[in-house]
Amino acid sequence: MDMKAMMRQAQKMQAELAKAQEEIKTMKFEGSAGGGMVKAVATGEMTIESVKIEKVIVDPDDIDMLEDMVTAAVNEALRGVAEMSSQRLSSATGGMNIPGLM
């Protein structure tokens with residue numbers, strides 16, 4: 001492969017990578033716990049957009065359980081975003097492992 005072809009391939013990959021990164025920013029993933037009684041939505045930028053809690057599970061005498069469910073829902077949402085991001089970036093790089101991307 002000549003140098004020009006390698007440069008074109010690198011530029012193509014760079015453009016695909018930029019596109020993937022923009023798509024990731026718009027991604028959302030919902031995690032839930034307690035049979036869907038607690039839901040958390042995370043964005044592709046690894047931030048929590050919202051947390052919804054069904055009133056029926058709010059027990060002032062058992063705050064620990066509610067905290068555990070919120071933590072579980074948030075962690076599931078963040079794992080989902082990380083997995084989707086990793087898949088999209090892998091697709092953009094043709095499976096090459098590029099340090100610092102994910």
Side-chain angles (χ1 to χ4, degrees):
M1 186 179 264
D2 67 17
M3 192 60 123
K4 283 185 180 181
M6 284 177 46
M7 290 300 291
R8 279 194 301 272
Q9 185 67 23
Q11 288 173 337
K12 182 180 175 186
M13 186 184 297
Q14 187 176 25
E16 188 64 27
L17 202 56
K19 179 181 173 188
Q21 289 171 325
E22 285 303 310
E23 288 174 8
I24 289 168
K25 286 181 183 179
T26 66
M27 289 180 176
K28 293 184 183 179
F29 192 88
E30 181 177 282
S32 65
M37 299 297 253
V38 176
K39 296 179 183 175
V41 176
T43 70
E45 294 179 308
M46 300 299 279
T47 60
I48 301 303
E49 184 174 86
S50 65
V51 174
K52 303 287 185 207
I53 302 170
E54 295 290 328
K55 291 179 182 180
V56 296
I57 65 163
V58 178
D59 180 356
D61 295 326
D62 194 3
I63 296 299
D64 291 339
M65 180 188 70
L66 181 57
E67 291 171 341
D68 289 345
M69 284 195 286
V70 170
T71 300
V74 167
N75 285 332
E76 181 181 322
L78 291 174
R79 274 192 303 274
V81 168
E83 186 176 304
M84 287 189 320
S85 297
S86 179
Q87 289 172 358
R88 181 60 184 102
L89 288 174
S90 179
S91 171
T93 62
M96 288 176 50
N97 186 13
I98 300 175
L101 281 182
M102 287 292 288

- Task: Find out if a path of hydrophobic residues (ILVMFWY) with successive side-chain heavy-atom gaps under 4.5 Å connects Val41 to Val74.
- Result: no
- hydrophobic_cluster_shared for Leu66 and Val56, side chain cutoff 4.5 Å: yes
- Item | Residue pairs fulfilling side-chain hydrogen bond (donor to acceptor under 3.5 Å, both in side chains) with at least one residue in residues 68-78, sequence neighbours excluded | none
What residues, two or more places apart in sequence or in another chain, satisfy side-chain contact (heavy atoms from CB on, under 4.5 Å) together with [X]?
X     : value
Asp64 : Asp62, Glu67
Met69 : Ala33, Val38, Ile57, Met65
Lys4  : Asp2, Arg8
Ala42 : Ile48, Ala77, Leu78, Val81

- Task: Before accepting this row, confirm whether a basic side-chain N of the pair Lys19/Glu22 lies closer than 4.0 Å to the acidic partner's carboxylate O.
- Result: no
Partner residues of [X] under the side-chain hydrogen bond (donor to acceptor under 3.5 Å, both in side chains) criterion, sequence neighbours left out:
X     : answer
Gln11 : none
Glu49 : Lys28
Thr43 : Thr47
Gln14 : none

Just to verify, what does [X] make a salt bridge (Lys or Arg N to Asp or Glu O under 4.0 Å) with, not counting sequence neighbours?
X     : result
Glu23 : Arg88
Lys12 : none
Glu30 : none

- Message: What's the separation between atom OG in Ser91 and atom CD in Glu16, rounded to the nearest 0.5 Å?
- Response: 6.5 Å
- Task: Measure the spacing between CD of Gln9 and CE of Met6 and express it to the nearest 0.5 Å.
- Result: 10.0 Å
